[in-house]
Amino acid sequence: MARILITSALPYINGVKHLGNLAGSMLPADVFARFQRLMGEEVLFICATDEHGTPAELAAVEAGQSVEEYCLEQHEIQARIAKGFQLSFDWFGRSSSQANRELTQAFADRLEDAGLIEERTSRQVYSIDDGRFLPDRYVEGTCPSCGYEKARGDQCDGCGRLLDPVDLINPYSAVSGSRRVEIRDTQHLFLLQSRMQDRIRAWVDERAGAWPQLTSSIAYKWLDEGLQDRSITRDLSWGVPVSRNGHPRPGFETKVYYVWFDAPIEYIGATREWAEATGGNWERWWRTDKGAEDVTYVEFMGKDNVAFHTVSFPATLLGSGEPWKLVDRLKAFNWLTWYGGKFSTSQKRGVFMDAALELLPADYWRWFLTANAPEGSDAPFTWEAFQNSVNSDLANVLGNFVNRITRYAQSKFDGRVPLEGEPGADEAWIEGELAQRLPALIAHYQAMDFRKAAAETRAIWAAGNEYLTRAEPWVKYKTSVEASAVGVRTGLNLAALFGVIAQPIIPAAAESILSALGVPPEARSFRFGDPRSCLDALPRGSAITAPPVLFAKIEDTQTADWRVRFGGG
RNA sequence: GGUGGGAUAGCUCAGCUGGUUAGAGCGCAGGACUCAUAAUCCUGAGGUCCCCGGUUCAAUUCCGGGUCCCACUACCA
């Protein structure tokens, strides 16, 4: 049994995430985790909210809450929504946890012990009225290059030029609008990534062969340009306090570690939270000197996160000099777009995760977002495509198949798996289909090709409908109940198989099918036997029921309404 | 600007190292069936594989140039 550690990029605490965040990391990570569990592997699936940083502080102020209250509340909201989407995290942690604080401080100590940390003075914009240093993006002013008056400190939206906030003319705080800002010197800790250039490149060389091109090209781009030393502290109060060997670090009493330093460490922190809550052993998953040497670590994220996971986080782990588990396989996604544009809260463009669950059950979204995952390039979400996909794939192909065969079995065979009849040419045909398609399905999942896995799943469901057309049990019934019985028995077994293969993507519907057919948990795995035995797996004579209609079709009136409420078209 | 990716049927996309009639799903047209959520199954129409050159016996597939999209560009997370 293999051991597989799976992490999804951490959703930021700053409000409910939209469908793109779901589609680009949490959902595919969940589908993969479910698949691996069904293959019988030992899986640990970890996620958490990423809670530190300026946006969290500002959002708390806006909400009229302390940042602690705000984060707790938002964490609970995100946890509830994750549960609603049936994301099967073994643990959904918080980067503000005590476990993460201890780990982050320990990593900083180890890095400093290794001579990889240095104090440097930098010049930053301080807002007197806000009483805080402002991140580049939160300073605005006139662009020194093009004269655009609302240029941000990091980049000018007018001319696109990258800027240094200290160069802005007439700078002001984007937080309060105050113009009482000044440049102040401030001390920060820098992680000397430049000294780790060769070690990181060697490590990337070792792994990149197994990474998708999108991933390795981003990693090499950073390496080729030369790794820069990176400031890992910030002038904030909300975060992991800067320390040295367990004590506040002199001169850094009002500073915390930068959120990008502590956030990936929370993958480990959340595992420790899991261990503390469940009695599990977290080091067995993360320390190669304590049992993790045979773990396969798989990360899921949007492409904007790739550099941090291929370079920055590995720099932290490698630089510590300790035997930490590093990523083996990395799956990066492009963006899900809203009709080709960006999701936007302020402009009411796009559906967010909480609103989605109010419209329809999780399976509907899970199916569409997996079958249309933004794998090769950005992929658009449109109501038309969503409606088509759900109605055709789920309601017509799968739902109707299960409904037609179970109802027929109820009306003609007393709701039991028929006893009699021997397989013939039609059964040989579907066996041939399964013999080819089931291995292909598993191969697509192993390769983390989610669109292809969904397409193959659908193709198998569709083959079931074709089988029934060939076998025609309702026609044969008129002349030979025994001949009809073979078709019904095979059809019921196909329905059970369809429920099994549906589990990673649409777990609720799969459960409904499998329980209606009385399939016990041990018979639901992806370790398929030969096709013939798959088609005679349900005990003959056992009672089955017709599950309630699995998927209601999405009506035009609904999409018309949603277009108005959420934008689109 | 730099780097990377993309441009294939009406729509969304597959097409490993070049080779007979370029594929899938949806949509559309026709037919079959009637167990089923007016579902299903079959058949069909429809493409100068972005443009211009080049290499080759042969290019959607390789090379060069062009046009158009998109992403990333480290102190935003």
Side-chain angles (χ1 to χ4, degrees), chain A residues 9-14 50-56 122 124 135-138 152-155 159-162 165 188 190-191 193 213-218 220-222 224-225 227-234 258-261 263 302-308 311-312 332 334-335 337 340 371-372 374-380 382 384-385 387-389 391-412 449 451-452 454-456 458-459 462 464-475 477 484 487-488 491 546 548-553:
Chain A
L10 307 186
Y12 194 63
I13 196 68
N14 185 15
D50 175 13
E51 305 193 356
H52 294 139
T54 307
S122 57
Q124 300 230 288
D136 291 0
R137 162 169 292 218
Y138 290 98
R152 282 176 301 147
D154 56 344
Q155 182 171 18
C159 61
R161 191 170 302 243
L162 297 177
H188 282 297
F190 278 70
L191 177 60
Q193 295 189 135
Q213 189 179 32
L214 177 67
T215 302
S216 49
S217 67
I218 291 173
Y220 278 119
K221 187 203 159 210
W222 277 41
D224 291 344
E225 289 178 357
L227 294 186
Q228 296 172 25
D229 297 335
R230 202 165 71 100
S231 163
I232 58 164
T233 55
R234 288 291 180 280
Y258 178 38
V259 58
W260 257 117
F261 183 69
K303 57 187 164 187
D304 58 328
N305 265 327
V306 170
F308 295 96
V311 175
S312 305
N334 291 277
W335 295 131
T337 66
N372 299 281
E375 283 182 305
S377 61
D378 290 355
T382 68
E384 296 76 9
Q387 180 182 20
N388 265 337
S389 177
N391 290 355
S392 172
D393 302 343
L394 297 183
N396 295 346
V397 174
L398 174 63
N400 182 56
F401 177 87
V402 172
N403 188 246
R404 68 194 292 209
I405 192 64
T406 52
R407 300 236 339 237
Y408 193 74
Q410 281 189 324
S411 71
K412 301 293 188 190
D449 281 335
R451 277 179 177 242
K452 289 180 179 174
E456 194 62 56
R458 198 203 103 96
N465 282 309
E466 186 175 348
Y467 165 76
L468 285 186
T469 299
R470 288 166 178 259
E472 296 184 302
W474 50 88
V475 172
Y477 191 86
S484 174
V488 173
V549 166
L550 293 169
F551 300 98
K553 290 196 192 185

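Model, not experiment: these values are computed from the prediction. We name chains A, B, ... by the order of the sequence lines, and we start the count at 1 in each one. Values below: every heavy atom of this structure, side chains too, minus hydrogens, waters and symmetry copies.
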### Query
Does the ring of Trp474(A) lie flat against the base of C35(B), closer than 5.5 Å centre to centre with planes under 30°?
yes
Choosing from [options], which nucleotide comes nearest the side chain of [X]?
X: Asp136(A); options: U37(B), A14(B), C76(B); value: C76(B)
X: Asn400(A); options: C26(B), A39(B), A77(B); value: A39(B)
X: Pro55(A); options: A74(B), A14(B), A77(B); value: A77(B)
X: Lys553(A); options: A77(B), U37(B), C35(B); value: U37(B)
X: Thr469(A); options: A77(B), U40(B), A74(B); value: U40(B)
X: Gln228(A); options: A77(B), A74(B), U37(B); value: A74(B)

Suppose you measure atom [atom1] in [N] against the same atom in [M]; what distance do you get, rounded to whole Å?
N: G47(B); M: U40(B); atom1: C1'; answer: 29 Å
N: G18(B); M: U37(B); atom1: C1'; answer: 48 Å
N: G44(B); M: A7(B); atom1: P; answer: 28 Å
N: A59(B); M: A71(B); atom1: C1'; answer: 29 Å

#### Entry: Under 4.0 Å protein heavy-atom contacts per nucleotide of nucleotides 3-10 of chain B, with B for base, S for backbone only and - for none
SSS-----
Do any side-chain nitrogens or oxygens of [X] fall under 4.0 Å of OP1 or OP2 in [N]?
X: Asn396(A); N: U37(B); result: no
X: Arg407(A); N: U37(B); result: yes
X: Arg451(A); N: U12(B); result: no
X: Tyr408(A); N: U34(B); result: no

### No-H, no-angle donor-acceptor pair, Trp222(A) side chain to A74(B) base, under 3.5 Å
no
### Task
Using only heavy-atom distances, decide whether a donor-acceptor pair under 3.5 angstrom links the side-chain of Asn403(A) to the base of A36(B).
no
### Query
In dot-bracket form, how is RNA chain B paired, counting a Watson-Crick or G-U wobble pair only if both its distances are under 3.5 Å and using | for bases paired to another strand?
(((((((..((((.....[...)))).(((((.......))))).....(((((..]....))))))))))))....
### salt bridge (Lys or Arg N to Asp or Glu O under 4.0 Å) evaluation trace for Lys452(A) with Glu456(A)
CA-CA 6 Å; Lys452(A) 289 180 179 174; Glu456(A) 194 62 56; over 6 Å; no
### Query
If only atom types and distance count, is the side chain of Gln193(A) paired as donor or acceptor with the main-chain N or O of Gln228(A) below 3.5 Å?
yes
### Spacing of Asp224(A) atom CG relative to A74(B) atom P, expressed in whole Å
16 Å
### Summary
Between CD of Gln387(A) and P of U37(B) the distance, given in whole Å, is 20 Å
### Query
Which residue, Trp335(A) or Ala462(A), contacts RNA chain B at a nucleotide closer to its 5' end, judged by nearest heavy atom?
Ala462(A)
### Task
Report the residue (Asn372(A) or Leu550(A)) whose heavy-atom-nearest nucleotide on RNA chain B is the more 5′ of the two.
Asn372(A)
